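These notes concern the structure reproduced below.
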Amino acid sequence: MSAVVSALGSGLKRVFDLKRRGIRIVEIMGVGLDAVLVLSVYVAKAAAARQSASIAALEREIAENDARVRLLRAEAARLESPARLEALSRQAGLVPADANQVVPEARLPELAEPARVVVLPEGEVTR
C-alpha cells in the first residue's frame, strides 16, 4: 500500500513540476481558472443588472396603473352619484314612477301575453 501511495505521490509531484517556458503548467491552469471565474462573475453581475432594470420598469408600470385605477374609480363614483343621475333625468324630462304605474301581481300574466297585431291590406294596423 505504501508503494501505491509513493507512486501516486511521485506522479502528482511530476505533474506539479511540469514546466513550459519556465512556468509550471499548474500555475497556467490556475490563471486560466481565475480568468474563467472572473468572467463568470462579470456575466452574472451584468445579468443581475439587467434584471434589476427590468424589475424597476415593471414597478413603475404598476405604480402608473394603480394611479389610473384610482382615477377611474373616482370618475365612476362621480358618474354614478345619485344627485348627478337625478339632475340628468330631470333634464331629459324623466320623472319618478307614479303609484298608478305599478301593476298588481295578478295582472302580470295579462301583460306578458304577446300582442296580436294584424296588418290590413290597406296598410292599416289593428291590435
Side-chain angles (χ1 to χ4, degrees):
M1 176 130 170
S2 65
V4 172
V5 172
S6 69
L8 186 60
S10 66
L12 281 176
K13 184 174 182 337
R14 204 171 0 161
V15 168
F16 283 110
D17 287 340
L18 282 175
K19 289 186 178 184
R20 182 74 59 168
R21 295 187 181 167
I23 301 174
R24 285 189 277 180
I25 299 294
V26 172
E27 292 171 350
I28 293 172
M29 290 188 326
V31 168
L33 182 61
D34 287 344
V36 168
L37 289 174
V38 167
L39 182 64
S40 65
V41 167
Y42 173 76
V43 168
K45 188 175 179 181
R50 281 192 303 272
Q51 290 293 326
S52 177
S54 174
I55 289 171
L58 288 173
E59 286 176 346
R60 279 192 305 275
E61 187 177 337
I62 288 171
E64 290 170 2
N65 286 339
D66 284 345
R68 277 193 222 128
V69 166
R70 283 193 306 273
L71 286 173
L72 289 173
R73 284 186 177 153
E75 180 72 10
R78 185 187 69 80
L79 292 175
E80 294 174 348
S81 73
R84 179 183 172 277
L85 292 175
E86 183 180 355
L88 287 175
S89 64
R90 291 196 191 280
Q91 286 176 359
L94 302 175
V95 293
D98 191 14
N100 296 331
Q101 292 175 314
V102 178
V103 177
E105 187 178 342
R107 284 198 55 213
L108 287 178
E110 173 188 326
L111 295 174
E113 289 180 16
R116 293 184 179 85
V117 177
V118 178
V119 179
L120 299 175
E122 307 83 56
E124 188 177 326
V125 178
T126 62
R127 293 181 187 230

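This structure is a prediction, so every number in the text was calculated from the model and none was measured.
Of the inter-residue distances, the one linking Leu33 atom CG with Met29 atom CE reads 9.0 Å to the nearest 0.5 angstrom. Between the CG atom in Asn65 and the CZ atom in Arg70 there is a gap of 11.0 Å [rounded to 0.5 Å]. Distance CG/Leu58 to CD/Gln51: 9.5 Å, rounded to 0.5 Å. Here Glu59 contributes atom CD and Ser54 contributes atom OG; the two are 10.0 Å apart, rounded to the nearest 0.5 Å.
Between Arg68 and Leu71, the closest side-chain pair of non-hydrogen atoms is not below 4.5 Å.
Salt bridge annotation for Arg90-Glu86: present, with a cationic side-chain nitrogen under 4.0 angstrom from a carboxylate oxygen.
Ser89 contributes a side-chain N or O that, together with a main-chain N or O of Leu85, makes up a donor-acceptor pair within less than 3.5 Å.
The number of heavy-atom neighbours closer than 6.0 Å to CZ of Arg73, taken from other residues, nucleotides and ligands shown, is 12 or below.
Here the closest non-hydrogen pair linking Arg84 and Arg78 is CD-O, 3.4 Å.
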